Amino acid sequence: MKKLTKMIHGGITGDEQTGAVNVPVYQVSTYKQDRVGEHKGYEYSRTGNPTRHALEELIKDLEEGHAGFAFGSGMAAISAVMMLFSSGDHVIMTDDVYGGTYRVMTKVLNRLGIESTFVDTSNLDNITNAIQSNTKALYVETPTNPLLKITDIEASARLAKENGLLTIVDNTFSTPYWQTPLTQGADIVLHSATKYIGGHSDVVAGLVAVNSQELAEDLHFVQNSTGGVLGPQDSWLLIRGVKTLGLRMEAHERNTKEIVHFLKEHPAVSKIYYPGLEEHPNHEIAKRQATGFGGMVSFDVGSQEKADQVLSKVKYFTLAESLGAVESLISVPARMTHASIPADRRKELGITDGLIRISVGIEDADDLIEDLKQALS
Ligand SMILES: *Cc1c(COP(=O)(O)O)cnc(C)c1O
């Protein structure tokens, strides 16, 4: 099945009981047993719910995995995956991961004895050099947020495997429409489905797909034990979102290419980060491992004052955290999504006060460019 078809017909479709063409919202917590232990596959909705199950089957199919899991947020998904590890285990992570991922590793999971080292994983030598005797996993975000750095999934997963490590990929920015890390050697792929997969700024959710029966059993055990599951209504919203994921991603990217072209020529823009640009340091890898470059762009306007001017003047770009929705969003990572990263560390990473990140929506590209033009003037 091709991707666009899979988005409509993947997972579980319809309802056998009624012939409804969509999976209904099973707003239910518990299920009748005919005799003790005799049920129709569902006992209690933390353990399993038919609407959530349909979504979990869908992400499994989209990511070409062995099993899928849905959580109450991207952070709940990431935390559950990290609970596969134990006190004394060590994880190597991409240095400019999502701020919340950095926070949970360095402020919460570290207290439980799960250690982490952050390196620029776009350079494989950095991964090799960070491997310790207790390293259990490599956690890669690609493209990253907000600098759109790219890690070679296939090469890094191979390196991880040679060293007995699991490879985990945060695929939020690319989505399974552009990139399927499990087919490139990763073991676990995860998403903040709050972003492109949901796509309409109306749900907070996380999704995971794994590539083996063993990981499926272990992660289901954690999911059921710790309970960070997604509710049936939100599961239904994500299934609905996925139906247009392919169309939206194409539209996001079309608009983004035009905006990048405009920004490149603009004198007020000193630096622009987009993997689709030939001068992007990892452009060739991006081209090889994904079928699209996505709808996220960051650019530097030189100072906090100039950034504030742009933010106050834009009309179609909403100042907000988050990304990946139909409406265009604009943010300043240093004071928003990445504020939880210490200032000196932000500077090291290149997340300057003048850095602006935009999530390009699916409005008319001419309107978006007009808007940026007047805001930058
Ligand atoms: C937003 C985001 C997360 C966290 O997901 P939530 O749904 O907000 O909990 C994780 N990774 C990336 C790349 C994100 O953009």
Side-chain angles (χ1 to χ4, degrees), residues 52 55 59 63 69-83 91 93-109 116 118 121-122 139-151 153 168-179 181 186 188-209 223 226-231 234-235 237-238 241-242 245 249 252 273 275 290 293-298 320-325 329-333 336-341 349 351 355 357-360:
R52 193 179 89 225
L55 170 67
I59 191 64
E63 290 287 7
F69 300 90
F71 293 90
S73 70
M75 287 320 304
I78 292 165
S79 302
V81 165
M82 287 302 165
M83 282 184 239
V91 184
M93 307 188 79
T94 300
D95 57 1
D96 59 345
V97 282
Y98 177 72
T101 306
Y102 182 80
R103 181 172 57 197
V104 78
M105 294 308 297
T106 58
K107 296 255 166 67
V108 180
L109 293 169
S116 46
F118 296 84
T121 52
S122 67
Y139 180 106
V140 166
E141 194 176 307
T142 182
T144 62
N145 174 25
L147 297 176
L148 288 307
K149 280 200 283 196
I150 304 285
T151 295
I153 297 171
I168 304 162
V169 178
D170 183 333
N171 201 24
T172 301
F173 272 37
S174 278
T175 83
Y177 183 67
W178 297 133
Q179 177 171 285
I188 300 175
V189 58
L190 55 87
H191 292 272
S192 168
T194 312
K195 317 293 168 55
Y196 287 109
I197 291 181
H200 296 75
S201 304
D202 52 12
V203 57
V204 172
L207 292 173
V208 183
Q223 184 191 42
T226 58
V229 293
L230 190 65
D234 288 348
S235 297
L237 279 169
L238 288 193
V242 166
L245 178 63
M249 293 312 284
H252 285 298
Y273 302 87
F293 302 112
M296 299 299 300
V297 189
S298 294
E321 297 206 357
S322 198
L323 60 104
L329 301 178
I330 191 164
S331 68
V332 279
M336 296 171 72
T337 45
H338 289 62
S340 55
I341 294 178
L349 296 171
I351 304 171
L355 189 75
R357 184 189 84 179
I358 54 177
S359 170
V360 179

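What you are looking at is a predicted structure, and each value in this text was computed from that prediction instead of being measured. Start at 1 and go down the list; that is how both ligands and their atoms are numbered. These values consider heavy atoms only, across backbone and side chains, with no hydrogens, waters or symmetry-generated copies.
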How many angstroms lie between atom [atom1] of [X] and atom [atom2] of [Y], to the nearest 0.5 angstrom?
X      : Y      : atom1 : atom2 : result
Leu329 : Met336 : CG    : CE    : 9.0 Å
Leu245 : Trp178 : CG    : CH2   : 9.5 Å
Leu207 : Ser235 : CG    : OG    : 8.5 Å

Practice item. Mind checking side-chain contact (heavy atoms from CB on, under 4.5 Å) for Ser73 and listing every partner two or more places apart, or none if nothing turns up? Key: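 Ser73 satisfies side-chain contact (heavy atoms from CB on, under 4.5 Å) with Met75, Ala76, Val204 only.
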
Exercise for review: Applying side-chain contact (heavy atoms from CB on, under 4.5 Å) between Arg357 and each of Ile330, Val297, Thr337, Val332, report the one that passes.
Suggested key: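 Per the side-chain contact (heavy atoms from CB on, under 4.5 Å) rule, the option paired with Arg357 is Thr337, out of Ile330, Val297, Thr337, Val332.
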
Practice item. Identify which one of Val208, Leu190, Val81, Ile78 satisfies the side-chain contact (heavy atoms from CB on, under 4.5 Å) criterion when paired with Phe71. Key: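 When side-chain contact (heavy atoms from CB on, under 4.5 Å) is applied between Phe71 and each of Val208, Leu190, Val81, Ile78, only Val208 qualifies.
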
List ligand 1's nitrogen or oxygen atoms that come under 3.5 Å of a protein nitrogen or oxygen, with the partner atom and distance.
{"residue": "ligand 1", "atom": "5 (O)", "partner": "Ser192", "partner atom": "OG", "Å": "3.0"}
{"residue": "ligand 1", "atom": "7 (O)", "partner": "Gly74", "partner atom": "N", "Å": "2.9"}
{"residue": "ligand 1", "atom": "7 (O)", "partner": "Ser192", "partner atom": "OG", "Å": "2.8"}
{"residue": "ligand 1", "atom": "7 (O)", "partner": "Thr194", "partner atom": "OG1", "Å": "2.6"}
{"residue": "ligand 1", "atom": "9 (O)", "partner": "Gly74", "partner atom": "N", "Å": "3.0"}
{"residue": "ligand 1", "atom": "9 (O)", "partner": "Met75", "partner atom": "N", "Å": "2.9"}
{"residue": "ligand 1", "atom": "11 (N)", "partner": "Asp170", "partner atom": "OD2", "Å": "2.8"}
{"residue": "ligand 1", "atom": "15 (O)", "partner": "Lys195", "partner atom": "NZ", "Å": "2.7"}

